[in-house]
Amino acid sequence: MTPLRIGNFSGFYGDRAGALREMLTGGEVDVLTGDYLAELTMLILGRDRLKDPSAGYARTFLCQLEDCLGLAHERGVRIVTNAGGLNPAGLADGVRGLAERLGIPVRVARVEGDDLTAAHPGTLAAHAYLGGFGIAECLRAGADVVVTGRVTDAALVTGPAAAHFGWLPTDHDRLAGAVVAGHVLECGTQATGGNYAFFGEGDVRRPGFPLAEIHADGSSVITKHPGTGGFVDVGTVTAQLLYETGGARYAGPDVTARLDSVRLSQDGPDRVRIEGVRGEAPPPTLKTGLNRLGGFRNEVVFVLTGLDIEAKAALVREQLDGVLAGSPPHDVRWELVRTDRADADTEETASALLRLVVRDQDQQVVGRALSGAAVELALGSYPGFHVLSPPGKGAPYGVFEDVYVPHGAVDHVAVLHDGRRIPVPPPQETRPLDAVPPPPLPEPLPPGPTRRAPLGLVAGARSGDKGGNANVGLWARTDEAWRWLAHTLTTERFRQLLPETRDLPVTRHLLPNLRALNFVVEGILGAGVAAQARFDPQAKALGEWLRSRHLDIPETLL
């Protein structure tokens with residue numbers, strides 16, 4: 001059977017606007033998927049809906065579609081997107097109105113049932129992560145455009161694949177293969193050289209968006225349109241497989257994919273084959289993301305220039321602490337970032353940054369109180385006093401939490417283009433999500449001379465966020481480097497290299513087929529990205545920090 005070609009044109013809300021047209025004109029494709037939702041996006045859409053009940057979806061999708069709906073219709077390309085966010089019905093109506101105005105006969109369907117906000121009082125948005133079989137129902141009924149709310153990112157691929165090949169909910173291996181392909185596609189150009197540790201090995205100035213050729217047995221080939229930028233190799237695909245994952249079992253609402261069974265091989269230029277993926281019955285519960293407003297946040301960054309950086313920082317801290325003592329914010333955090341250099345030849349490189357972040361339930365406490373206190377120091381503090389920008393009135397921040405509900409707690413429904421509502425039953429077979437026993441370690445390298453060097457010379461990394469946790473996935477590029485990495489980078493060594501993690505729970509997972517380690521760090525991101533608890537709130541660069549740390553590395557690997 002001819003493979004199903006599924007491409008991606010959006011990895012987040014705000015991705016490249018012209019990607020939909022690029023994917024439609026760049027080569028053959030059967031289905032295009034757009035992923036717009038993340039934990040932070042749900043909070044943003046929730047705030048939009050507070051201002052306007054008819055909002056709550058990714059409006060930029062309609063702008064992209066206005067330019068490309070006719071082209072997609074001419075080429076018979078179906079579009080599946082979670083841009084519906086908190087209001088898939090509203091976006092579906094918007095697509096129908098657009099199609100009518102353009103005179104294009106398009107059948108629009110939607111998936112709903114993920115919204116559990118009413119069952120979680122006090123939340124701005126509470127949404128379960130649905131699987132792909134609602135999407136499959138819409139496509140089987142002839143939909144040209146399918147709009148969903150909160151489905152898993154991989155469901156945008158498993159749904160079309162299940163519809164095309166006639167897969168059943170019990171086809172766990174096939175579904176797991178599609179989940180792995182979907183996970184590679186979901187972040188767009190991260191699979192084609194974007195955000196890639198070894199980006200210098202190709203031209204990544206404007207990477208093309210990825211596509212997957214999915215076969216009936218669930219295997220796939222990850223590639224991109226000819227002539228587009230970036231590159232696809234085993235490394236770029238490995239990096240994306242490790243992104244925002246944990247152990248060997250990668251759970252979803254349709255199937256649990258065994259990441260330790262994945263086999264990758266180069267299948268030609270810009271082609272990577274994924275095969276051997278095994279699947280298991282999904283867990284008995286669905287992940288549900290809860291977003292609520294946590295209070296108000298404000299910050300000010302003081303610029304400290306030249307000599308006596310530490311003393312200047314101590315002075316302004318003491319001055320502000322004294323002023324704020326009468327009505328102190330609930331949470332006060334100071335961070336001195338030493339960006340300064342001795343004997344610098346520019347003022348900027350002679351300067352350090354002192355960052356103050358405050359949080360409180362009362363906007364007045366973090367607003368006028370902070371801004372007034374900071375500005376009043378302008379002529380009476382350390383020499384060279386200035387700030388990057390004056391603090392504002394304080395902005396609301398969000399808190400993310402995930403909980404788990406039984407499959408039966410949601411009414412998963414496919415609303416077809418003709419208005420019929422087709423219930424999507426929960427899986428009849430489930431399996432609790434147990435940890436996989438650690439696989440055996442490879443043989444260690446024989447002793448030999450070493451050299452102090454950055455870890456990144458022999459290992460790639462990609463990191464990301466899941467709620468308040470972060471993961472750091474590392475992979476070796478050769479069998480010899482894997483033998484060294486697996487024995488050297490223990491949990492204890494990881495904590496030593498990243499001191500921020502020393503007092504946090506850290507779990508190490510081995511994935512020998514990928515020559516990879518995946519570390520999950522619990523609590524490093526506080527209450528999630530919207531709370532902005534640390535300098536890098538989504539842990540995007542945590543892996544690059546780790547790669548920059550120095551170890552004693554065998555010279556044979558360098």
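We use all heavy atoms of the structure for the numbers below, so side chains are in, but hydrogens, waters and symmetry mates are not. Being a predicted model, the structure only gives us computed values, none of them experimental.
Side-chain atoms of Val506 and Arg495, non-hydrogen and from C-beta on, do get closer than 4.5 Å to each other. Between Leu336 and Glu310, the closest side-chain pair of non-hydrogen atoms falls below 4.5 Å. You'll find the side chain of Arg258 reaches within 4.5 Å of the side chain of Val436, heavy atoms only. Side-chain contact between Leu546 and Phe494 is present, with at least one heavy-atom pair separated by less than 4.5 Å.
The salt bridge (Lys or Arg N to Asp or Glu O under 4.0 Å) pairs that include a residue from residues 538-558 are Arg452-Asp552, Glu544-Arg547, where partners are two or more places apart or lie in different chains.
Take Tyr250 and apply the ring pair (Phe, Tyr, Trp, His ring centres under 6.0 Å) test, not counting sequence neighbours, and it matches His183. Shown here are the ring pair (Phe, Tyr, Trp, His ring centres under 6.0 Å) partners of Phe231, two or more places apart in sequence or in another chain: Tyr196.
For the atom pair CZ of Phe519 and CG of Leu474, the computed distance is 6.5 Å after rounding to the nearest 0.5 Å. Taking OG1 of Thr349 as the start and CZ of Arg341 as the end, the distance is 5.0 Å to the nearest 0.5 Å. Atom OH of Tyr382 sits about 7.5 Å away from atom OG1 of Thr305, to the nearest 0.5 Å. With rounding to the nearest 0.5 Å, the separation of CZ in Phe199 from CD in Glu201 is 10.5 Å. To the nearest 0.5 Å, atoms CD1 (Ile309) and CG (Leu307) are separated by 8.0 Å.
Smallest separation of non-hydrogen atoms from Ala453 and Leu558: CB-CD1, 4.2 Å. The nearest pair of heavy atoms linking Val366 to Pro329 is CG1-CB, 4.5 Å. Nearest approach of Arg263 to Asn513, heavy atoms of both residues: CG-ND2, 3.9 Å.
Using modelled atom types, one side-chain atom of Asp536 and one backbone atom of Ala541 make a donor-acceptor pair closer than 3.5 Å. Looking at Glu186, its side chain never comes within 3.5 Å of a backbone N or O of Leu156 through a donor-acceptor pair. Asn518 places a side-chain N or O within 3.5 Å of a backbone atom of Thr245 that can act as its donor or acceptor partner.
Judged by distance alone, the side chains of Asp35 and Asn82 do bring a donor and an acceptor atom under 3.5 Å apart.
Aromatic ring orientation, Tyr36 versus Phe9: perpendicular (interplanar angle above 60°, classes split at 30° and 60°).
No option in Thr238, Val237, Val272 other than Val237 meets the side-chain contact (heavy atoms from CB on, under 4.5 Å) test with Val184.
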